[in-house]
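Right, one structure below, let's go through it.
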Amino acid sequence: MTVITRFAPSPTGFLHIGGARTALFNWCYSKKMGGKFLLRIEDTDKERSTQAAIDAIFRDLKWLGIDWDGDAIYQSSRAARHAEVAQDLVKKGKAYFCYCSQEELEAMRAEAQAKGEQPRYNRMWRDRDPATAPAGVKPVIRIKAPLDGETVIDDAVQGRVTVPNSQLDDFILLRSDGSPTYMHAVVVDDADMGITHVVRGDDHLNNAFRQKVIFDAMGVPCPTFAHIPLIHGADGAKLSKRHGAQSVGEFKDMGYLPEAVCNYLLRLGWSHGDDELFTKEQAAQWFELGDINAGPSRLDMKKLDHVNTHYLRLAEDERLAAEILARHPELKIDDEHRIRLAAGMHDLKARAATLIQLAAEAKFYLVDEVAYDEKASAALHDHDAHNAMHHIYDALARLGADFKEAAIDTAVRKIAADHYEGKLAKVMMPLRASLTGSTSSPPILKAAEILGQAETMKRIKAALHWMHDHGHHHH
RNA sequence: GUUCCCUUCGUCUAGAGGCCUAGGACACGUCCCUUUCACGGAUGUAACACGGGUUCGAAUCCCGUAGGGAACGCCA
């Protein structure tokens, strides 16, 4: 039997981070089994579904590198088939028309609740002659759920789960306007698509019992279910807006690489021994539904940062340069900037956790004038800074063609030894501030080499002017 | 309210009755490296929710308790 899995998002918002993980699990399992992975857009709720959300789902899945077999299936396009199956079930005596009004249904729920029972439909039309139907009322179609006994599902993650059938009411398959309910559409589509394994959030675990009733009525074997726990925020509560990012697009904007997001998400709730860093292709070779955890897990941005740091170092310089430039639309970039960025990338990418940090750290290579941040200003206010900068200026001016890290290093150490009792920081910090506008940067002497003698001298001179304007003089 | 699910360091997890004085990763502490911040290296703190069983032996199996979550729509 060929394994066929699916990911079935409803396009009522952007692709949720939890949904992405569900897609990843389905994708991995199909790859592991040499099967297929299908995509179905559950757009039957016309009020809430939007084209923008559909586009975002495609875009984010592609960004993550999750590809699906064949074309995406739109649930809305299958409405006629859903109705056909419901009508067929009525003909076979597995379902029936119900003419109850909203008011009657509400009364039933209230009555059940008052008796301490689950609010549900009381099955009044189950065995009633349709000829007695009130005139002018469009009926819904309800399933005949089993009246007694129990339903058992062997869930690949949760284990054997049993529910007494007394809990299942005759829920609606087809609405009075002829449209299918979610419960019905899902089952008909899964059946028609030949889905063998349904991996989804455990908020659907209860639904699985209702869906099994429909599969049974249709005479189609029920797929294997694997209900995975939801992802929670750092505080353990369900992921919501106040936790910050929820959608894949937001993680992208925050500067995380798709391979890092995939790795992190896969490791959340699934494990292969102690393995931490792996590609989704590697995970696919290892993947077993039984290795998914039954308990919920929380999003840990610190760990995501760590994983992202790892992949940032592995990433090609050209790719990162493009990402950095895309994050600095305000800058006018010329070839000189590009060359510096390429030369500096090696040291740059070894220190950043996200593309945002990387872009911020790279900025001094992409500007012609440096602005000093608070700490850099303070460094330039140090009472030795002005003299130190003069020494540096003079020493670097003499370097000429040998403007290399090693030569600069020798010159700078000599200044520290001659004037500051060997305290390198006395020389390094003002130099760093003048070249980068910050007190935190990649190795500054290498950066000076990359900037080149002319640009380095220009920035030192600019710093000397700045210090003069801010009341600094020779001591 | 009814039904269902879950529970190992702060977090993600390993663990399938003896390999567990419970291992790894992130985070955190200390030290080393060092021109800053990082990185890297070393090292340390830290968990089987609780209570009963079963067993020669339980983190692992069973039953309760507590805590957390989900579902009960002509939403998906």
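The sequence lines fix the lettering, A, B, ..., with proteins before strands; numbering per chain opens at 1. When reading the values below, keep in mind they use all heavy atoms of this one structure, side chains included, and skip hydrogens, waters and symmetry mates.
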Could you tell me whether the side chain of A:Arg298 has a donor or acceptor atom within less than 3.5 Å of a complementary atom in the base of B:U11? no
Backbone N/O of [Y] and side chain of [X]: donor-acceptor pair under 3.5 Å:
{"X": "A:Thr5", "Y": "A:Asn26", "answer": "yes"}
{"X": "A:Thr181", "Y": "A:Ile172", "answer": "yes"}
{"X": "A:Asn293", "Y": "A:Gly295", "answer": "no"}
{"X": "A:Gln357", "Y": "A:Ala352", "answer": "no"}
{"X": "A:Asn165", "Y": "A:Thr151", "answer": "yes"}
{"X": "A:Glu42", "Y": "A:Gln75", "answer": "no"}

Using the [atom1] atoms only, state how far [M] lies from [N], rounded to an integer number of Å.
{"N": "B:A66", "M": "B:A49", "atom1": "C1'", "result": "8 Å"}
{"N": "B:U65", "M": "B:U7", "atom1": "C1'", "result": "13 Å"}
{"N": "B:U43", "M": "B:G24", "atom1": "P", "result": "11 Å"}
{"N": "B:C48", "M": "B:U8", "atom1": "C1'", "result": "4 Å"}
{"N": "B:G18", "M": "B:C9", "atom1": "C1'", "result": "24 Å"}
{"N": "B:C72", "M": "B:A16", "atom1": "C1'", "result": "35 Å"}
{"N": "B:U11", "M": "B:C50", "atom1": "P", "result": "15 Å"}
{"N": "B:G23", "M": "B:A47", "atom1": "P", "result": "11 Å"}

Under 4.0 Å between any heavy atoms, over every strand shown, what does [X] touch: base, sugar-phosphate, or nothing? Just pick one.
{"X": "A:Leu205", "value": "sugar-phosphate"}
{"X": "A:Ser441", "value": "base"}
{"X": "A:Thr162", "value": "sugar-phosphate"}
{"X": "A:Thr181", "value": "sugar-phosphate"}
{"X": "A:Gly269", "value": "sugar-phosphate"}

For B:U13, take OP1 and OP2 only and decide whether either is under 4.0 Å from a side-chain N or O of A:Ser297. yes
For nucleotides 61-65 of chain B, give me every protein contact, N/O to N/O, under 3.5 Å, one pair per line with atom names.
none

In terms of the angle between their ring planes, are A:Phe287 and A:Phe25 parallel, tilted or perpendicular, with boundaries placed at 30° and 60°?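 A:Phe287 and A:Phe25: tilted rings.
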Among all residues two or more places apart in sequence or in another chain, which pass the ring pair (Phe, Tyr, Trp, His ring centres under 6.0 Å) test with A:Phe364? none
Just checking A:Lys94: does its NZ atom have more than 12 heavy atoms from other residues, nucleotides or ligands closer to it than 6.0 angstrom?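 Atom NZ in A:Lys94 is not packed in, count stays at 12 or less.
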Considering only nitrogen or oxygen atoms on both sides, find all protein atoms under 3.5 Å from nucleotides 19-24 of chain B and state each distance.
from	atom 1	to	atom 2	distance (Å)
B:G23	N2	A:Asp274	OD1	2.7
B:G24	N2	A:Glu276	OE2	2.8

Rounded to whole Å, how long is the line connecting atom OH of A:Tyr264 with atom P of B:U11? 12 Å
